[in-house]
Chemist: 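For reference, the structure I am asking about is given below.
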Amino acid sequence: MKNSYSFQKIEEKWQKRWNNSEIHSPDLTNIKNKYYALTMFSYPSGDKLHIGHWYNYGPADTYARFMKMKGFNVFQPQGFDAFGLPAENYAIHHNVHPAESTEKNINTMKKQLDSIGAMYDWENEIRTCTPEYYKWTQWLFLKLYEMGLAYQKTAPVNWCPSCGTVLANEQVKDGICDRCKEPVTKKELTQWFFKITDYAEELLENLDQLDWPEKTKHMQQNWIGKSVGANIIFKINGFEDKIEVFTTRSDTIFGATYLVLAPEHPLLKKIIQPEFRGAVDSYIETAKAKTEIERMSLDREKTGVFTGVYAINPLNKAEIPIWVADYVVSSYGTGAIMAVPSGDERDFEFAKVFNLPIIEVVSIDGKLHGTDECYINYGISVNSEEYSGKPTVEVQTLVNAKLEELECGGAKIQFKLHDWLISRQRYWGTPIPIIHCTACGIVPIPIDELPVLLPEDIKLSSTYGNELSPLATSESYINAVCPLCGENAKREADTMDTFVCSSWYYLRYPNAKYEDGPFDPEGLKWLPVDCYIGGAEHATMHLLYARFITKALRDGGYLNFDEPFTKLYHQGTITKDGAKMSKSRGNTVSPDEFIENYGSDTFRAYLMFMGPFDEGGDWNDQGITGIDRFLKKVWRFCQLPLADEVPSKKDLQILHQTIHSVSDDLEQMKFNTAISRLMEFINHFSTHEAVGRDFKMNMIKMIAPLTPHIAEELWEINGGEASVFLEAFPEYDKALAEEDTMTIAVQINGKLRGSVEVSKQIEKAALLTEVRKNENVNIHLSGKEIIKEIVVPQRLVNFVVK
RNA sequence: GCCGGGAUGGUGGAAUUGGUAGACACGCUGGUCUUAGGAACCAGUAUCCUUGUGAUGUGAAGGUUCGAGUCCUUUUCCCGGCACCA
């Protein structure tokens, strides 16, 4: 026991003690110095904790513990994002009810989470699949409905045949389902949407105020995709209907030589001329048959068909042909464009293929350069009637004004962001609290009748029917009485996207058992979250949804802040042999064997030592021995006999320099360098046969956030009171940390020729004399003429010689 | 194609933000102790040679500077995001 330690015993002992005390449950009525440290809650998929969990929760806990020791009142809750497809699939696979398997998985996971040694406040645990929680998810839905932010519409939506449900835009990457990695198709369905687009501008603008990774802000920026431009309305020859297009270059309108509609454009079927019908219809059919992936591949040659109809340019009344082509997508803008081949590469390419006219309208210098190439930049307008000769930027404003005057469009801002599709045709989710009545239409369930409970008499099967939600198969559930007229009606059979559950959970944590509403108004004083740590993969999903919901609830009068997460941090990914760990690749590393052999403190410290927290790193089985050795050294150091004599100046210097850099590093979540500094500290004392108590106690405090179990044990052994986590993190003493000599590098022509140790107070002239005494410096200086002497204070002297 | 981020010994990574490159670890080599060691400790470990407090060296090529891993230009490769977005 003297020179080594039993981590199993220590871990067990302290986890038990922490759980039986209130130490991890802060006084939530006291918001003074509050620090709400949140990690993205976990998904109980049924597996054991993997390295990814550890890499998220271990370092996050280190940071939370550090902040606690820095004097903050730290609240670190934990919970389970328990609804959702993988949990449902897991249950089907194991032939049990999801409620049962989920609860079992949560219980195992909770035990495992304890093994990390994190200071979670389990008093305020959240499980999104409990009626006590989803009642309020339903409340959220109804509030959004009241505010006009939840609505139903029929639209072509992403359908994942393999998951048997629709998906939001954010949950499809490159035409592939984010969950199961199978191709997604389009389907015309009536679904529920949340009107996130109402907040596009604010979601974009507020990014500036957030202490978030630039990368993540950038992703949200791109996803929201703001474009400033104009809408232009074209009349159609022979029809009352008009075609509206969006363009960012209204200044090029005189170069529009044709119009293109996306194959899905609603007007297409109506305006098409009989003699062209065959060709257009078959074009539309071919486009439909193509998968998303096929349609997205860019290097395809442009295709399209003429409709036989002409549109009229509102400014010069030119008649231009209307084409249909799949290079115009229906999901952006109006699904129609004015094509300006001289100013857009795609239009140029199309015009070349179909021999359509090209009119030069923008010139770099105002002269004509012909139409052999297209010129996409701004410049001077040409061939543009009264606008010719003017800078295109100016023309844009003038044209927009003219369009407004003619009531043919005008300035317009377009976003890429779409409304959030939240309906899911799956069982294991929050039921949508709506009743469809033949007489009254869509009727929301009154709030005091919540929750709408998930029915249990459902036979889940791994082969779901098309579109038909599992809830629709329950007679007892689906048949209901209309709250308005009392007639027989049908319940909504879809459940909500699990991202709805996770879009507001952080509001409930400060009083997770609150019964009078989704969140306790008193608890809200803990909001916003001070520091949120989780994976970067949520950049355009959870993190965007949560911001939207916060803003919507603020506008509903329920919150008084604009942003849920003041500071955001993403942990990196731990890879194995350079690749993401996955079961299919067979390169997973199980934390278990390492925890068994080295203990949880060693394991979490090693993860932090591997590299910068936000970069992750490649797992190496051998590296952990370095941390193991280090912790054993720490253990031995803390068992050293107490020294009688006054500590040496050098020892004090090392101590205070270490305190200084370790607290700086922890503050910035630079765990890897913090550990390095602590290693240097221990290495310095390795030859000491005795050491002052102060050195031990400070070392224990510094290492406590990183390896909590060992620290508590050492603290106790050395006579520390109660818990090391009730102590303040050491403050460094600048005077003691300072050295009185410094090493000055001496360079000649920028090349290092020696170094000298001098007093810190040395004058410049004295320094130059001192430096010249160096033998090697002299050799290189002899016979040379010194042109310049460069003295960098505290650092170096450089002689420039000839 | 566009927008981010990156490339440093055999390996993971440091580098006070333009000032002694390779801290701290892993691995490897040699040694001490030991019945043994996959324990502990000590020494060494960027490359090259003519072994000198010598030359070269931070993906590649140029440039700015007394001085560049760090700044600028060009370029290659890797990772992430977006993508016919009008």
Side-chain angles (χ1 to χ4, degrees), chain A residues 3-4 173-174 213-223 225-227 229 245-249 252 260 262 295-300 302 325-329 331-340 343-347 349-350 414-416 536-537 539-540 572-573 575 578 580 606 609-612 614-615 617-627 629-630 632-633 636 661 664 670 672-680 682-683 686-687 743-755 774-777 779 787-801:
Chain A
N3 283 317
S4 174
K173 304 263 180 255
D174 298 328
E214 286 304 315
K215 179 176 86 173
T216 310
K217 292 201 220 175
H218 225 94
M219 277 200 227
Q220 291 208 350
Q221 216 170 52
N222 286 340
W223 191 259
K226 180 179 176 174
S227 294
V245 305
F246 174 73
T247 175
T248 52
R249 293 298 301 271
T252 64
V260 187
R295 279 193 65 172
M296 281 191 308
S297 71
L298 303 182
D299 14 292
R300 276 171 43 222
K302 296 272 178 293
D326 66 0
Y327 82 92
V328 170
V329 295
S331 55
Y332 182 73
T334 60
I337 61 155
M338 67 171 195
V340 182
D344 182 286
E345 270 159 9
R346 295 151 302 183
D347 298 343
E349 198 190 320
F350 191 85
Q414 182 66 47
F415 293 96
K416 276 203 290 190
E537 68 274 15
T540 54
T573 317
T575 55
K580 230 177 214 169
Y606 176 52
F609 184 63
M610 279 173 61
D614 58 348
E615 283 173 32
D618 201 56
W619 178 263
N620 177 330
D621 284 356
Q622 288 172 325
I624 195 167
T625 57
I627 293 288
R629 285 174 194 158
F630 164 64
K632 282 179 180 149
K633 287 184 207 171
R636 259 173 273 143
S661 38
D664 271 10
K670 289 160 82 175
N672 56 334
T673 48
I675 294 172
S676 299
R677 295 289 95 86
L678 290 167
M679 285 173 166
E680 285 178 286
I682 284 295
N683 290 346
S686 67
T687 52
T743 313
I744 297 289
V746 189
Q747 298 183 338
I748 288 154
N749 285 346
K751 286 206 164 76
L752 184 70
R753 295 302 176 194
S755 65
N774 183 289
E775 200 187 324
N776 195 45
V777 170
I779 295 171
I787 303 167
K788 211 170 170 184
E789 289 163 339
I790 291 148
V791 179
V792 182
Q794 321 271 310
R795 299 248 164 264
L796 63 70
V797 173
N798 187 14
F799 294 106
V800 185
V801 300

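Every chain is numbered from 1, with letters handed out A, B, ... down the list of sequences.
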Chemist: On the six-membered ring of A:Y327, is A:K302 placed so that its NZ or CZ lies under 6.0 angstrom from the centre and within 45° of the ring axis?
Modeler: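 Yes, A:K302 sits over the ring of A:Y327.
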Chemist: Should we say atom NZ of A:K215 is surrounded by more than 12 heavy atoms from elsewhere, each under 6.0 Å from it?
Modeler: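 Open: at most 12 neighbouring heavy atoms sit under 6.0 Å from NZ of A:K215.
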Chemist: Considering only atom C1', compute the distance from B:rU34 to B:rC41 and round it to an integer number of Å.
Modeler: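 Between the two C1' atoms, the distance is 13 Å.
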Chemist: Say we look at B:rU11 and B:rG27: how far apart would their C1' atoms be, to the nearest angstrom?
Modeler: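 Comparing C1' positions in B:rU11 and B:rG27 gives a spacing of 7 Å.
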Chemist: Please report the distance separating the C1' of B:rA40 from the corresponding atom of B:rG57, rounded so that it comes out in whole Å.
Modeler: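 Approximately 36 Å lies between the C1' atom of B:rA40 and that of B:rG57.
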Chemist: Taking CZ from A:F630 and P from B:rA40, how many angstroms apart are they, rounded to a whole number?
Modeler: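 For the pair A:F630 CZ and B:rA40 P, the rounded distance is 15 Å.
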Chemist: Surrounding CD of A:E537 (heavy atoms of other residues, nucleotides or ligands, distance under 6.0 Å), is the total greater than 12?
Modeler: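 Yes, because the 6.0 Å sphere around CD of A:E537 holds more than 12 heavy atoms from other groups.
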Chemist: Tell me whether B:rG30 sits syn or anti, counting syn as a glycosidic angle within 90° of 0.
Modeler: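 B:rG30: anti glycosidic orientation.
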Chemist: For A:K788 and B:rC66, is the shortest distance between a side-chain N/O and OP1 or OP2 below 4.0 Å?
Modeler: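 It does, given that an N or O in the side chain of A:K788 lies less than 4.0 Å from OP1 or OP2 of B:rC66.
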Chemist: Measure across A:M219 and A:A539 and return the closest heavy-atom pair with its distance rounded to 0.1 Å.
Modeler: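 Smallest interatomic distance, heavy atoms only, reads SD-CB, 3.7 Å.
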Chemist: For the pair made of CH2 in A:W223 and P in B:rC82, what is the distance, rounded to whole Å?
Modeler: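 After rounding, the reported distance stands at 6 Å.
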Chemist: Main chain of A:N672, side chain of A:S676: is a donor-acceptor contact present, judged purely on distance under 3.5 Å?
Modeler: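 Confirmed, A:S676 side chain pairs with A:N672 backbone.
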Chemist: Output the rounded distance in Å from CZ (A:R753) to P (B:rG52).
Modeler: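 Checked: the CZ to P distance equals 16 Å.
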Chemist: If you find the nucleotide of RNA chain B closest to A:K580 and the one closest to A:N776, which residue's nucleotide is nearer the 5' end?
Modeler: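 Going by which nucleotide is closer to the 5' end, it is A:N776.
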Chemist: Would you tell me if any nitrogen or oxygen in the side chain of A:K173 comes within less than 4.0 Å of OP1 or OP2 on B:rC82?
Modeler: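 Answer is yes, contact under 4.0 Å.
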Chemist: Whom does B:rA36 pair with, Watson-Crick or G-U wobble, provided both distances fall under 3.5 Å?
Modeler: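 Base-paired to nothing in any strand shown.
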Chemist: Could you pick out which residue, A:T540 or A:F799, lies toward the 5' side of RNA chain B when each is mapped onto its nearest nucleotide?
Modeler: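 Whichever sits nearer the 5' end wins; that is A:F799.
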Chemist: Under a 3.5 Å limit for both distances, which nucleotide forms a Watson-Crick or G-U wobble pair with B:rC2, could you say?
Modeler: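 B:rG81 - that is the nucleotide pairing with B:rC2, both distances being under 3.5 Å.
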Chemist: Suppose you measure atom P in B:rG12 against the same atom in B:rA23; what distance do you get, rounded to whole Å?
Modeler: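 That atom pair is separated by 15 Å.
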Chemist: What are the two closest non-hydrogen atoms of A:K416 and A:Y332, and how far apart are they?
Modeler: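 What the structure gives for the nearest pair is CG-CE1, 3.6 Å.
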Chemist: Using the P atom as the point on both nucleotides, what is the distance between B:rC72 and B:rU65, in whole Å?
Modeler: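 My reading of the P atoms in B:rU65 and B:rC72 gives 16 Å.
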Chemist: When only distance counts, do a donor and an acceptor, one from the side chain of A:K302 and one from the base of B:rC84, lie under 3.5 Å apart?
Modeler: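 A donor-acceptor contact between them is present.
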Chemist: Given the P atoms of B:rG67 and B:rU20, what is the spacing between them in whole Å?
Modeler: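 Pairwise P distance, B:rG67 against B:rU20, rounds to 15 Å.
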Chemist: Send over the distance from A:K217 NZ to B:rG81 C1', rounded to a whole Å.
Modeler: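 Distance, rounded to whole Å: 17 Å.
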Chemist: Any strand counts, and the cut-off is 3.5 Å on both contacts for Watson-Crick or G-U wobble. Which nucleotide pairs with B:rG62?
Modeler: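 WC or wobble partner is B:rC72.
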Chemist: Taking O4'-C1'-N9-C4 for purines and O4'-C1'-N1-C2 for pyrimidines, is B:rU73 syn (within 90° of 0) or anti?
Modeler: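 Because its glycosidic torsion lies more than 90° from 0, B:rU73 adopts the anti conformation.
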Chemist: Set out, in order, the CA-CA distance, both residues' side-chain angles and the distance that settles side chain to side chain contact (heavy atoms under 4.5 Å, CB included) for A:I337 and A:D347, then state yes or no.
Modeler: CA-CA 10 Å; A:I337 61 155; A:D347 298 343; 3.6 Å; yes
Chemist: Atom CG of A:D618 to atom C1' of B:rA7: distance rounded to whole Å?
Modeler: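 Rounded to the whole Å, the gap is 15 Å.
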Chemist: Can you check the A:Q220 CD to B:rC82 C1' distance for me, whole Å?
Modeler: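 The distance from CD of A:Q220 to C1' of B:rC82 comes to 14 Å, rounded to the nearest Å.
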Chemist: Under a 3.5 Å limit for both distances, which nucleotide forms a Watson-Crick or G-U wobble pair with B:rU45, could you say?
Modeler: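 Paired with B:rU45, as far as the under-3.5 Å criterion goes, is B:rG27.
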Chemist: Could you measure between the two C1' atoms, the one in B:rU58 and the one in B:rG22, and give it in whole Å?
Modeler: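 Taking atom C1' in both B:rU58 and B:rG22, they lie 9 Å apart.
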Chemist: Quick test: give all pairs of protein nitrogen or oxygen and nucleotides 17-26 of chain B nitrogen or oxygen below 3.5 Å, distance rounded to 0.1 Å.
Modeler:
{"from": "B:rG19", "atom 1": "N2", "to": "A:Q747", "atom 2": "OE1", "distance (Å)": "3.4"}
{"from": "B:rA23", "atom 1": "O2'", "to": "A:E680", "atom 2": "OE2", "distance (Å)": "3.1"}
{"from": "B:rA25", "atom 1": "OP1", "to": "A:N683", "atom 2": "ND2", "distance (Å)": "2.6"}
{"from": "B:rC26", "atom 1": "OP1", "to": "A:R629", "atom 2": "NH1", "distance (Å)": "2.6"}

Chemist: Ignoring hydrogens and geometry, is there a side-chain-to-backbone donor-acceptor pair from A:N749 to A:V801 under 3.5 Å?
Modeler: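 Yes; at least one donor-acceptor contact below 3.5 Å.
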Chemist: Counting only side-chain heavy atoms from C-beta out, which of B:rU53, B:rG4, B:rG81 sits nearest to A:H218?
Modeler: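 The nucleotide sitting nearest to the side chain is B:rG4.
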Chemist: If you measure from the C1' atom in B:rG9 to the same atom in B:rC24, how many Å do you get, rounded?
Modeler: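 Comparing C1' positions in B:rG9 and B:rC24 gives a spacing of 15 Å.
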Chemist: Whole-Å distance between B:rA40 P and A:I682 CD1?
Modeler: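 The distance from CD1 of A:I682 to P of B:rA40 comes to 15 Å, rounded to the nearest Å.
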Chemist: Compare every heavy atom of A:I682 with every heavy atom of A:K633, then report the nearest pair and how far apart it is.
Modeler: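 Closest approach of A:K633 to A:I682, heavy atoms only: CB-CG2, 3.5 Å.
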Chemist: Does the structure show a Watson-Crick or G-U wobble partner for B:rU50, both distances under 3.5 Å? Name it, or say none.
Modeler: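 Base-paired to nothing in any strand shown.
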Chemist: In this structure, how many angstroms lie between the C1' atom of B:rG13 and the CD atom of A:E615, rounded?
Modeler: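 These atoms are roughly 9 Å apart.
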